[in-house]
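Let me begin by presenting the structure, written as structure tokens, before commenting on it.
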2 protein chains.
Amino acid sequence: MQEAACNVNSCFLCSFCIPAWKEAIALHKKTYQFKKGEDIFREGDPVKGIYFIYTGSVKVYKQWGEQKQLILRFAKAGDILGHRGLGGVVEYPIGATALEDSKACFISNDFLEATLKTNHELTYKLMHFYATELQKAEMRMRDLAHMEVKGRVAEALLELRNIFGVNHDQHIAATITRQDIASYAGTTYETVFKFFNELAEEKIITTNGKSIKINDSDRLQQFSKKQS
Amino acid sequence: MQEAACNVNSCFLCSFCIPAWKEAIALHKKTYQFKKGEDIFREGDPVKGIYFIYTGSVKVYKQWGEQKQLILRFAKAGDILGHRGLGGVVEYPIGATALEDSKACFISNDFLEATLKTNHELTYKLMHFYATELQKAEMRMRDLAHMEVKGRVAEALLELRNIFGVNHDQHIAATITRQDIASYAGTTYETVFKFFNELAEEKIITTNGKSIKINDSDRLQQFSKKQS
DNA sequence: CGAGTCGTTGAAAGAATTCAACTTGTGTGG
DNA sequence: CCACACAAGTTGAATTCTTTCAACGACTCG
């Protein structure tokens, strides 16, 4: 990883902080560059601090055995990374890998913890942020437990469009493999592949090599509904 | 639900608060009594505040359709309840039902939010609490996605013993049905039932009507391991 | 041009749920 | 106290869904 310039205003952390602190953080942060596929940190690595994605996108995952992983979330410019390591935990409970070439600001735990002690507005906001993340996680837990595979893949597609948006020709603006979609939906590559074919035949989605376009959100959403 | 006395010291919230606040909270909290099976709040109810369990135990769940639910966690004396409703959310994203006759302290959101603004130590602790909960949720997400059913049920049993401990004859000290265990492990009643028989034959557990004794934690844990 | 990797596909195997039937237990009313 | 009805617990069989496996074709890189 390589150092690079960082616009402090783009950081999640900065976006709601008192101006005085913006100057402080500007002195303490470092910015790193990650190549596509490069690990930002791995599960089990010692926690050193917290990252803010400046450009690019990242997957956050948990490993299961050698081969399988569950992608917990996708993070893009402006998002926090590594905040799961807060609070006395010595090892990251999750791993993060760049999906495309990305830049990330790094703030050491020491500085962050010290800041949280004095900047209460930040602590409060961060608490709310965690609360929201927790809700999302629990929603997804339920989906993984009870929703069937097709529903989860459909959800994953809608979620991806939500997070990354679409580019000029309406394709989801994400650099993402079918394998990653499978890992996000908690299923296998083949299942995703076959379901995509099915969706393409029904013209619900269009796949163009790597990228995906959603033509009919409503019908896609039907798969997420509980069957009677 | 019925009002009852509450020892303020037993509240999670109080346990790490400045003494001055203990007095304040004593004036603002209310204590309610819930019968076994009674709902403390339901998914979709308007968020009014936060609860602390004083005695008894509670299941926190998310509904899926009419019949199915995923139990997110079991809470017992000293635990927080309803904190998922913090942060501008107008409806509880989860429901909570008493597993046995229970008492819970209630603190209104207004008072809590006001307190968080002034009692920064509390905010900080609460933030850490959320961070830990988030980690647990994500661990369980992975398990639900990739671990097979037997592993999840085995985990559930160990977790239950962890949370509720054992009574004099080594049985897990929890009032819990097989259906609830199934809902916690994200599976069906029948599957749990059959697996319990299997475990009992192997003498890994002993079931005595409602209550369960774990004889061989190691072998039980084997089910949670990734198969090669 | 050949090796190897990745994407694609169909068939088989396996796991879990669903369904339906049967048994046991519980409570109520005669 | 017994008989009956209803709910809860137990069980096996069948179905369904998903994964796994293996094979084939296309594409890329050396």
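Order of the sequence lines fixes the chain letters, A, B, ..., with proteins taken first and strands second; residue numbering starts at 1 for each chain.
- Judged by distance alone, with hydrogens and angles left aside, the side-chain atoms of B:Ser183 form a donor-acceptor pair with the main-chain N or O of B:Gln179 at under 3.5 Å.
- Looking only at atom types and distance, the side chain of A:Arg161 has a donor-acceptor partner in the side chain of A:Ser217 under 3.5 Å away.
- Distance, A:Gln179 CD to C:dT5 C1': 15 Å, rounded to whole Å.
- One atom, CG of A:Asn208, and another, C1' of C:dG7, lie 16 Å apart when rounded to the nearest Å.
- Between B:Lys68 atom NZ and C:dT17 atom P there is a gap of 8 Å when expressed in whole angstrom units.
- C:dT9 atom P lies 16 Å from atom CZ of A:Phe195, rounded to whole Å.
- Rounded to the nearest 0.5 Å, atoms OG1 (B:Thr207) and CZ (B:Phe196) are 8.0 Å apart.
- Contact check of residues 150-157 of chain A against DNA chain C (heavy atom, cut-off under 4.0 Å) returns no residues at all.
- Contacts between chain A and DNA chain D, taken as any atom within less than 4.0 angstrom of a protein heavy atom, begin and end at D:dT18 to D:dC21.
- The separation between A:Glu198 atom CD and C:dT9 atom P is 13 Å, rounded to whole Å.
- Counting only N and O atoms by type, the side chains of B:Glu100 and B:Ser57 include a donor and acceptor under 3.5 Å apart.
- The residue from B:Glu138, B:Lys62, B:Arg140, B:Arg142 that alone fulfils the side-chain contact (heavy atoms from CB on, under 4.5 Å) condition with A:Met141 is B:Arg140.
- With ring centers used as reference points, B:Phe223 lies under 6.0 Å from B:Phe195.
- Close to C:dA16, at under 4.0 Å from its OP1 or OP2, lies no side-chain N or O of B:Thr188.
- In summary, the side chains of B:Lys68 and B:Gln63 do not present any donor paired with an acceptor at a separation below 3.5 Å, with no hydrogens or angles considered.
- Look at CD1 on A:Ile181: it is 14 Å from C1' on C:dG7, rounded to the nearest Å.
- A parallel orientation is assigned to the rings of B:Tyr92 and B:Phe41, their planes being inclined by less than 30° (bins at 30° and 60°).
- For an aromatic pair to be called close, the ring centres must be under 6.0 Å apart, and B:Phe129 with A:Tyr130 fails this.
- A heavy-atom distance below 4.5 Å is not found between the side chains of B:Ile71 and B:Val60.
- Residues B:Phe193 and A:Thr191 both approach DNA chain D. Their nearest nucleotides, taken by heavy-atom distance, put B:Phe193 toward the 5′ side.
- Going from atom NZ of B:Lys194 over to atom C1' of C:dA15 covers 12 Å, rounded to whole Å.
- Atoms CZ (A:Phe196) and C1' (C:dT9) sit 17 Å apart, rounded to a whole Å.
- Remark on the helix from C:dC1-D:dG30 to C:dG30-D:dC1: inter-end axis angle 20°, axes from five-pair C1' superpositions, rounded to 10°.
- In this structure, A:Phe52 has its ring center at least 6.0 angstrom away from the ring center of A:Phe106.
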